[in-house]
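One structure is given here, and the rest of the page talks about it.
Heavy-atom basis, side chains included; hydrogens, waters and symmetry copies ignored. Positions are given from 1 along the sequence. Worth saying up front: this structure is predicted, and the values here are computed from it rather than measured. Read the numbers this way: they start at 1 and go in the same order the structure lists the ligands and their atoms.
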Amino acid sequence: MVADASKDNEALVMSSDPDHPANLICELCRNFYRLGWVTGTGGGTSIKHNDHIYIAPSGVQKELMKPADMFVMDFPTRSYLRKPPVHKPSQCTPLFLAAFDRGAGCCIHTHSQWAVLITLLVERDFGKEACFEIQHLEQIKGIGKGRGKVGNLGYFDKLRIPIIENTAQEEDLTESLEKAMERYPDTYAVLVRRHGIYVWGDSVHKAKAQCESLDYIFQLAVEMKKLDLPWL
Ligand SMILES: CSCCC(=O)C(=O)COP(=O)(O)O
Ligand SMILES: [Zn+2]
């Protein structure tokens, strides 16, 4: 039986376990705010736990969220089990779902300035999907080889992160994000020009570690560009 979303269903989000997804999203977003990843209500995080998707509200200060603010969706039916009446679910929801459809357990969306700068440094190639490419950095080992593949990239592997063009509304990014995921089946991230990045992983731990590794690489790549050092 599917629960009635109009009822509070507080039990779905109230837990003393710090690893409960509703608690984790709040804790992660507080930390991401300090990194400049979810500034001014932008960005966010969603977690899939078994058949439940935990989604933050839209347009709220992500570092101030409480577990009771969380939406809970039933993944197989895409119906809401819990809808806090004062909010709408994140506009990023269809993009998070695209990652969950491909086996992710957590998806992080940041507005990191390093990610945005990378999208400005990689030229738009009309008719072709733009892609950030870099090689020979130790931190590349922080990124998985791809869905269904064991282990992480090696020092001599090339890291490729596709870049899609921004749209007026976040939801309208879904189609191009899905196309980029199909074109780059091994990627765990997609950059959005002049906007930010979506990063996912099999687990919360992996999504967070990959997001941190990528942000480090993007910052380094921007500094390398300033010094005229090659990425490849
Ligand atoms: C200044 S934020 C603009 C919307 C956006 O890009 C975003 O990531 C936030 O979406 P949400 O609906 O989760 O607030
Ligand atoms: Zn955004």
Heavy-atom pair with the smallest gap, counting every atom of Val199 and Ala189 |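 Between these two residues, the closest heavy atoms are CG2-CB, 4.0 Å.
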Determine the minimum heavy-atom distance between Gln169 and Gln91, stating which atoms define it.
->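 Looking at all heavy atoms of both residues, the shortest contact is OE1-OE1, 4.1 Å.
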Quick check: does Cys92 have an N/O/S atom under 2.8 Å of the Zn ion (ligand 2)?
->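 Under 2.8 Å: Cys92 has no N, O or S contact with the Zn ion (ligand 2).
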Check whether any side-chain N or O of Arg78 sits under 3.5 Å from a backbone N or O of Met73 as a donor-acceptor pair, and report yes or no.
->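 The answer is no, because no donor-acceptor pair under 3.5 Å joins these two groups.
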Would you check if the side chain of Asn50 reaches a backbone N or O of His52 as a donor-acceptor pair within less than 3.5 Å?
->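 Here the side-chain-to-backbone pair does not exist.
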Could you tell me whether Asp186 and Lys149 have a side-chain N and a carboxylate O separated by less than 4.0 Å?
->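 Looking at Asp186 and Lys149, the cut-off is met.
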Quick one: salt bridge (Lys or Arg N to Asp or Glu O under 4.0 Å) pairs with a partner in residues 167-178, sequence neighbours left out?
->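 Listed once each, the pairs are Glu175-Lys179.
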Vertex the Zn ion (ligand 2), arms to His109 NE2 and Glu170 OE1, rounded to 10° =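 About 110° at the Zn ion (ligand 2).
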Where the Zn ion (ligand 2) is the corner point, what angle links NE2 of His111 with NE2 of His195, to 10°?
->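 NE2 of His111, the Zn ion (ligand 2) and NE2 of His195 span an angle of about 90°.
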Regarding Asp215 and Trp37, is there a side-chain donor-to-acceptor distance under 3.5 Å anywhere?
->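 Yes, side-chain donor-acceptor contact under 3.5 Å.
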Atom-level proximity to ligand 1, residues with heavy atom under 4.0 Å |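 Within 4.0 Å of ligand 1, protein side: Gly40, Thr41, Gly42, Gly43, Ser58, Gly59, Lys62, Ser90, Gln91, Cys92, His109, His111, Glu170, His195.
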